[in-house]
Structure formats: C-alpha cells, structure tokens
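Only one structure is covered here, and it is reproduced in the block below.
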Amino acid sequence: MPMLAGTPVYRPDLYSASAIRDTHPHYAALRELGPVVWLSRHKVYALPRYAECKQVLLDDDTFVSSDGVGLNPVANRVGQGTTLCSDGEEHARRRSLLAHRLTPRALRTMKDTVDEQAAAVVAAAVARRTVDAVEVATALPMSVVPDLVGWPRQGREHLLRWAGATFDALGPFNRQAVRTLPSSLGMLRYARAVVRDRSVLDGSMGHDLLRAADEGRIMPAECVTMMIDYLAPSLDTTISAISSALYLFATHPDQWRLLKADPDLVPKAVNEIVRYESPIRAFSRTAARDTELAGIALPKGSRTLVLYGSANRDPLEWDDPDTFDIRRDAARQLGFGQGTHGCAGQGLARMETSAMLRALVERVDRIEVAGTPEWALNNVIHRLERLPLELIPA
C-alpha cells in the first residue's frame with residue numbers, strides 16, 4: 001500500500017531493539033507529526049493520538065480485524081479463525097462460546113481463591129525480601145490462567161515462552177519475530193495435540209470448546225486457535241500490569257504512600273498503571289472501504305496501527321500524561337482496547353492485579369529498586385524482563 005501524498009512520514013524503526021526498550025520518545029515524536037503518520041519502514045499508517053485510536057477501535061465495520069491484526073502476512077494468515085482476527089457475526093459467535101466464563105458473576109466465584117493465592121505469593125516474596133518483580137508478577141497469573149483455560153499440567157513450563165512468542169509474531173517480520181517463530185509454532189503444535197488427545201482439564205474453557213465442537217457449533221480446528229487466543233493474552237498482559245505496578249510504586253514512593261493510606265484507590269491505581277505502562281504496544285486494523293480519518297483519505301485496504309501506549313500518554317487527552325498519579329480518573333484508558341474487540345479477559349486481569357496490590361498494601365511498608373530494570377524485547381508486549389526489588393515488610 002503506497003503512502004498518500006501529504007501524510008507526515010516517520011522513518012525510524014518503531015520495532016528496533018532500542019525503540020522497544022524505550023518507546024515513549026518515539027510516541028512523542030509521532031504525536032507531534034500529526035494524528036495519522038506513515039511509518040515508512042513498515043508501510044502502515046500509525047495512529048499516535050487518543051481520539052483516532054478510539055475512533056478506529058469503536059468502528060469495527062470500517063476498520064476490520066479479519067485481515068489480521070499483525071504487521072506481517074504470515075501471522076495474519078495463521079491468525080485466521082481466532083476471536084482476535086474476526087469481525088461481526090463470526091467474532092460474536094466465537095466470543096459467546098466462552099463469555100459466560102468471564103462475566104462479573106462468574107469472576108465473583110473466583111475472587112476468594114484469587115485473593116488467597118495473591119496473599120500467598122506476596123507472603124512468600126516478603127519472606128525472601130529481595131525478589132525479582134517479574135517472578136512475583138508471574139506467580140499469580142500462572143496459578144490461575146492455565147487452569148481456567150484447561151491446559152494440562154504437563155508442558156506448562158513452556159507456556160510463558162510460547163505466549164510471548166505468540167505476541168512477537170504479530171509485529172513486523174523482523175529478527176525478533178524470526179527468532180521466536182519456533183516457540184510460536186511449538187505452542188500451536190502442542191495445542192493441536194491437546195485437542196486431538198482431549199487432554200484438557202474437566203470443567204475448563206477448553207472443555208467447553210471441545211463440547212461445542214462435538215455439537216457442531218465450531219470446527220475442531222477452532223478449539224486450537226481459541227485456546228491460544230485466551231491463554232496468551234491472559235498471561236502476558238496481566239504479568240505486564242503487575243510487574244509495572246511493582247516498578248511504578250518502587251519509583252514513585254509518594255504514590256505508594258497514597259495507596260497505603262487509602263486502599264480504596266486500588267481500582268483507580270489499576271487503570272492508571274495500565275494507562276501509564278500499557279501492556280500492548282499496538283495492533284493493526286485494515287480499512288474495509290474507502291474512508292477518512294482525521295481529514296486524511298484512506299483507501300480500502302489501508303492498514304492502520306493503533307498505538308495504545310501512545311494514545312494513553314496523549315497530552316490532547318490527558319493532563320500531565322507523563323505523571324503517574326493513582327488519583328487520576330483513567331477509566332477511559334485504551335490499554336484493554338475498546339468496543340467489540342475490548343479485552344474479554346480484562347475483568348480477570350483487573351481482579352488479579354487488584355488482589356496483588358491489596359496483598360502488597362497489607363504486608364509491605366516500602367518497595368525499593370535493588371538493581372537495574374531490564375525491559376523485555378517483544379514486538380507487541382510491553383513489559384519488564386527483570387527488576388530486582390527489595391520489599392520492606394510492614
């Protein structure tokens with residue numbers, strides 16, 4: 001797709017290792033250029049501002065996901081048949097198969113268990129005192145999500161690597177995507193074996209999918225893609241949010257004191273964490289017809305890149321966007337998406353992150369950085385790879 005004349009152009013690689021690790025200067029430069037910017041390296045129209053990102057997310061008739069949400073044709077072809085890469089009735093049909101598992105009522109039945117598990121994770125971390133924030137952040141989602149989705153116990157040691165690779169594959173076909181391709185394919189092969197052998201856990205999401213296939217409501221191949229569809233995002237995005245929370249409260253002790261003084265701020269804090277350090281960098285959409293966005297004509301087939309992390313720091317939308325403030329009303333942040341493609345598992349992610357924050361507030365007096373933070377190299381997921389912390393007990 002050629003660039004339209006008059007569209008501002010951004011030439012740096014938004015998916016280079018340095019840009020992945022320090023993206024916000026790139027986002028700021030893109031927002032300065034305009035509401036729609038041509039990324040010459042990736043042949044896509046980037047949307048760095050909040051208003052246009054929200055418009056595209058809410059208009060899924062014009063900006064579709066069925067052509068894939070990645071930036072390379074291989075991932076977009078492999079993604080066919082998933083909830084993420086479908087629209088309209090197909091999307092609604094797939095989503096309805098598991099929606100009952102993630103309703104507020106269904107999640108309420110899990111709350112006590114999640115709170116108990118979060119308390120145990122934090123108690124163990126406080127006992128060690130010096131910890132890796134990412135290890136602490138990983139423990140709760142890994143104890144909740146695989147059971148909910150129904151993955152057999154065997155093979156779970158690979159899930160984090162596989163899930164990260166699934167997101168990596170949705171970026172451009174760069175060195176990072178190529179390096180993690182074997183892991184992405186490994187998850188697909190394993191999921192096929194789970195469905196073929198019917199080795200999902202009884203009473204799980206996977207069990208529901210197999211029953212739907214037996215009843216002819218979905219194709220057996222959809223069981224495979226939908227299990228991955230729910231597992232990968234439910235792990236990586238929540239781990240990102242919890243590890244970012246630990247990092248932000250360690251580096252903003254005033255905000256930690258606010259939360260300690262008023263634990264009722266936890267829901268606002270979760271929204272502000274997701275706004276400030278958005279777990280998903282970007283997904284793309286394709287124009288299904290000739291259209292216009294921010295006064296720029298986009299022909300049918302144009303691919304647009306919704307930059308969630310940039311939109312959530314847009315000064316046209318937020319006062320002092322680069323300030324982390326848990327008193328802010330950040331409920332409109334786009335980190336969980338919007339519209340029909342809004343994150344189906346966001347209720348669970350909020351529950352897990354909130355449970356961890358409440359457990360930390362109860363047991364930890366101060367959170368202090370004990371080493372240099374390392375950011376993960378991933379085309380799509382924004383999260384820490386490692387962060388040594390010291391948890392000072394209450």
Side-chain angles (χ1 to χ4, degrees), residues 54 57-61 63-66 68-69 79-114 140-141 144-151 163 166-167 191 194-195 198 200-238 241 267 270-271 274 279-280 283 285 306 308 331-355:
K54 186 171 183 178
L57 291 173
L58 293 178
D59 187 1
D60 57 318
D61 287 332
F63 296 96
V64 300
S65 301
S66 50
V69 300
Q80 297 303 303
T82 63
T83 311
L84 183 63
C85 299
S86 56
D87 296 296
E89 292 182 6
E90 279 296 294
H91 177 77
R93 178 181 66 83
R94 292 191 178 109
R95 192 144 171 167
S96 68
L97 291 167
L98 299 175
H100 64 285
R101 295 275 181 181
L102 298 166
T103 62
R105 181 177 181 179
L107 291 174
R108 277 195 295 273
T109 67
M110 299 172 58
K111 185 178 183 305
D112 288 347
T113 301
V114 170
L140 182 60
V144 172
V145 174
D147 282 351
L148 181 66
V149 176
W151 283 78
T166 300
F167 279 108
V194 168
V195 171
R198 304 181 73 87
V200 298
L201 302 183
D202 287 342
S204 66
M205 284 182 170
H207 188 260
D208 289 351
L209 291 171
L210 287 178
R211 187 168 62 243
D214 291 342
E215 295 169 358
R217 288 183 286 140
I218 61 172
M219 299 294 290
E222 288 181 281
C223 294
V224 174
T225 53
M226 288 185 66
M227 282 185 70
I228 295 172
D229 224 9
Y230 278 82
L231 182 95
S234 297
L235 284 177
D236 268 286
T237 55
T238 308
V270 172
N271 274 325
V274 174
I280 300 290
F283 283 146
R285 299 287 189 273
V306 179
Y308 301 99
R332 64 191 186 280
Q333 50 83 15
L334 301 180
F336 290 122
Q338 287 273 313
T340 58
H341 277 278
C343 176
Q346 67 174 285
L348 178 60
R350 290 178 186 277
M351 177 186 287
E352 292 173 291
T353 307
S354 297

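Because only heavy atoms are used, hydrogens play no part in the values below, and waters and symmetry mates are left out as well, while side chains stay in.
The side-chain hydrogen bond (donor to acceptor under 3.5 Å, both in side chains) test applied to T340 returns D60, not counting sequence neighbours. Looking at residues two or more places apart in sequence or on another chain, you find a side-chain hydrogen bond (donor to acceptor under 3.5 Å, both in side chains) between E215 and R217. By the side-chain contact (heavy atoms from CB on, under 4.5 Å) test, A331 is found to be paired with N271, D329, residues two or more places apart in sequence or in another chain being considered. For the salt bridge (charged side-chain N to carboxylate O under 4.0 Å, His left out) test, no residue two or more places apart in sequence or in another chain qualifies with R285. With sequence neighbours excluded, the residues satisfying side-chain contact (heavy atoms from CB on, under 4.5 Å) with C223 are V195, L209, L210, A213, I218. Evaluation of the side-chain contact (heavy atoms from CB on, under 4.5 Å) rule for T109 yields no partner, not counting sequence neighbours. Checked against side-chain hydrogen bond (donor to acceptor under 3.5 Å, both in side chains), R332 has the following partners two or more places apart in sequence or in another chain: E317. For D214, the side-chain contact (heavy atoms from CB on, under 4.5 Å) partners at least two apart in sequence or on another chain are R198. Every salt bridge (charged side-chain N to carboxylate O under 4.0 Å, His left out) that D236 has, sequence neighbours left out, goes to R383. Judged as a side-chain hydrogen bond (donor to acceptor under 3.5 Å, both in side chains), and not counting sequence neighbours, Q80 has no contacts.
Between the CG atom of D229 and the OG1 atom of T82 there is a distance of 4.5 Å, given to the nearest 0.5 Å. The distance from atom OG1 of T113 to atom CE of M351, rounded to the nearest 0.5 Å, is 9.5 Å. We find the CD-OG distance between E90 and S66 to be 10.0 Å, quoted to the nearest 0.5 Å. Atom-to-atom distance recorded for W151:CH2 and L231:CG is 6.0 Å, nearest 0.5 angstrom.
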Determine whether F63 and V306 satisfy the following criterion, side-chain contact (heavy atoms from CB on, under 4.5 Å), listing intermediate values before the conclusion.
CA-CA 11 Å; F63 296 96; V306 179; over 6 Å; no
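Closest approach of G335 and V274 over heavy atoms only: CA-CG1, 3.7 Å. Nearest heavy-atom pair, V114 versus A355, reported as atom, atom and distance to 0.1 Å: CG1-CB, 3.9 Å.
With a 4.5 Å cut-off on side-chain heavy atoms, C85 and V69 count as touching. Two residues are said to be in side-chain contact when any heavy atoms from C-beta on lie closer than 4.5 Å; L57 and H341 fail this criterion. When side chains are defined from C-beta on, P233 counts as touching F167, because their heavy atoms get closer than 4.5 Å. Counting only heavy atoms from C-beta outward, the side chains of I280 and Y308 approach each other to under 4.5 Å. Under the 4.5 Å side-chain criterion, counting only non-hydrogen atoms from C-beta, L348 is in contact with V145. A heavy-atom distance below 4.5 Å is found between the side chains of Y230 and L98. The shortest side-chain heavy-atom distance between T83 and M226 falls under the 4.5 Å cut-off. Residues L102 and L148 form a side-chain contact, since some pair of their non-hydrogen atoms from C-beta on lies under 4.5 Å apart.
No salt bridge links R93 with E89; every basic N to acidic carboxylate O contact stays at or beyond 4.0 Å.
Each salt bridge (Lys or Arg N to Asp or Glu O under 4.0 Å) pair with one or both residues in residues 98-108, not counting sequence neighbours, appears once here: R101-D208.
For T238 (side chain) and L235 (main-chain N/O), no donor-acceptor pair under 3.5 Å exists by modelled atom type. For T103 (side chain) and A106 (main-chain N/O), a donor-acceptor pair under 3.5 Å exists by modelled atom type.
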